[in-house]
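In the text below, chain A, chain B and the rest are named by the order of the sequence lines, each starting its count at 1.
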2 protein chains.
Amino acid sequence: MAGQAEEKKLSRSQRRRRDDILRAALKIFDQHGFEAVKMADVAEEAEVAKGTLYLYFETKSALLEGVVETAIMPTLQKIGEMAQTHSGSARDLLVQQMQVAAARMASPEMKMLLRLMISGGSRHSGIVDFYYNNVVQSGLNHFKSTLDQGVASGEFRPEMGGIDPLVLVGAPIYTAVWNILFEEKQSIDADQLVNDHLELVLKGILKEP
Amino acid sequence: MAGQAEEKKLSRSQRRRRDDILRAALKIFDQHGFEAVKMADVAEEAEVAKGTLYLYFETKSALLEGVVETAIMPTLQKIGEMAQTHSGSARDLLVQQMQVAAARMASPEMKMLLRLMISGGSRHSGIVDFYYNNVVQSGLNHFKSTLDQGVASGEFRPEMGGIDPLVLVGAPIYTAVWNILFEEKQSIDADQLVNDHLELVLKGILKEP
DNA sequence: TCTGAAAATGACTTATTGGTCATAAAATGA
DNA sequence: TCATTTTATGACCAATAAGTCATTTTCAGA
């Protein structure tokens, strides 16, 4: 993924310019969606001439990939860290993981990313692949292993070993979708909703309340 | 909404042509997404010349609105009918409503619609408004009243009266999103997932299993 | 079969926008 | 300060696709 124009090593000031452009691009991609945004718009937002963009990114798609990559990086790190966090009960771990997932999902970058992948999925399949391989799979595996762990320790009901972990992470997903679609009409309290969801899930998962 | 070119009354054969075009448009909008589809593509799929399209729809946007309207109509009817269906227990009603919602969400029209609203939201705000007012609100109200009904009859735990009904319909939503994004990589069994979700929800909602 | 109106056609026009490149400005360093 | 390289600029080019319209085809009814 990614793609500098020309060479690979970047000087200090080049890095800064590049970041400026990425920041500007993220902002207006988020505001208007990738397709609707003209390179001229990105240039204006970044306070740079159109030609300058092509000094740092070969095409509009390459710019998009750059934006996505920088938006995902922090999530990857967080997920990695979470692997170590083997605190006490499986229940606590699950709650903690859900909250991290919910927080990530609620960020503006993720909102944009979701919008982007949904709208341009087929045309920018590299992005979808990247996201699926690096974020989705490892994320679901973490939930799956927490589930197994809880079943093994007797905390969770045994049938829960066979459940699709997607059921657990569902709340942050539809919350994000709702906000993309209807935020202006009726914004929902993501935390509240995730807690409602979590409560229901725990009532179903735990052997005893 | 909607928009015929020119006049309002349509003859038999005109209606048929119009439907042909709508069917063709739905098919390729679904396949490639609205933005990516050229009017020439629609014409080819409908086995009609490009100019003919403009005899029935003034612009590409008008065509889109036509597609959305015909895609939504059956859902509206179904939701209306469900209001009457006061079968036995609140539990049964809830299960039934969930299954209808899941089935609708899984249809290709809905998939396209979701993709469309998410990607082009700001540019096609009329569609989002229409959907929100006619489908989402009444749908959520139905769930809400089922919930209240179950609490009143003592079937459901009392706290459930205050829960956001979105928690209930969540599963079909994230299932649809998943399929839009990752269907090719790893398709999920929508029915299975909705059942898992439903099971968890019922464990949490019901006073006794 | 003939005729006029309705429907259909597709080459053409026009607006938009991603991408280029000759030129200019700024930085570097001797 | 001047020469050389690096970076920035924005007018321009070419491709694309929405929308038009003069011409042709189809069809109803006499």
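With sequence neighbours left out, the side-chain contact (heavy atoms from CB on, under 4.5 Å) criterion links V48(A) to R17(A), A46(A), T52(A), L53(A). With sequence neighbours left out, E199(A) forms a salt bridge (Lys or Arg N to Asp or Glu O under 4.0 Å) with K203(A). By the side chain to side chain donor-acceptor pair (under 3.5 Å) test, K144(A) is found to be paired with no residue, residues two or more places apart in sequence or in another chain being considered.
Using a 4.5 Å cut-off on side-chain heavy atoms (C-beta onward), L63(A) and L22(A) make contact.
Of all nucleotides present, only dT5(D) satisfies the Watson-Crick or G-U wobble test against dA26(C), with each distance under 3.5 Å.
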A correct 5'-to-3' footprint of nucleotides 9-30 of chain D, with B, S and - meaning base, sugar-phosphate only and no protein heavy atom under 4.0 Å, is BB------SBBB----------
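Salt bridge status for D20(A) with R23(A): present, with a side-chain N to carboxylate O gap under 4.0 Å.
Side-chain atoms of K60(A) come within 3.5 Å of backbone atoms of V37(A) as a donor-acceptor pair (strictly under, hydrogens ignored).
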Ignoring hydrogens and angles, write down the donor-acceptor pairs under 3.5 Å from the side chains of residues 186-193 of chain A, residues two or more places apart or on other chains.
unit_1, atom_1, unit_2, atom_2, d
Q186(A), OE1, Y132(B), OH, 2.6
D189(A), OD1, D191(A), N, 3.1
D189(A), OD1, Q192(A), N, 3.2
Q192(A), NE2, D196(A), OD1, 3.1

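Counting to the nearest Å, the P atom of dT5(D) and the CD atom of Q14(A) are 17 Å from each other.
The minimum heavy-atom distance linking Y174(B) with H197(B) is given by the pair OH-ND1, 3.5 Å.
Contacts between chain B and DNA chain C, taken as any atom within less than 4.0 angstrom of a protein heavy atom, begin and end at dA7(C) to dG10(C).
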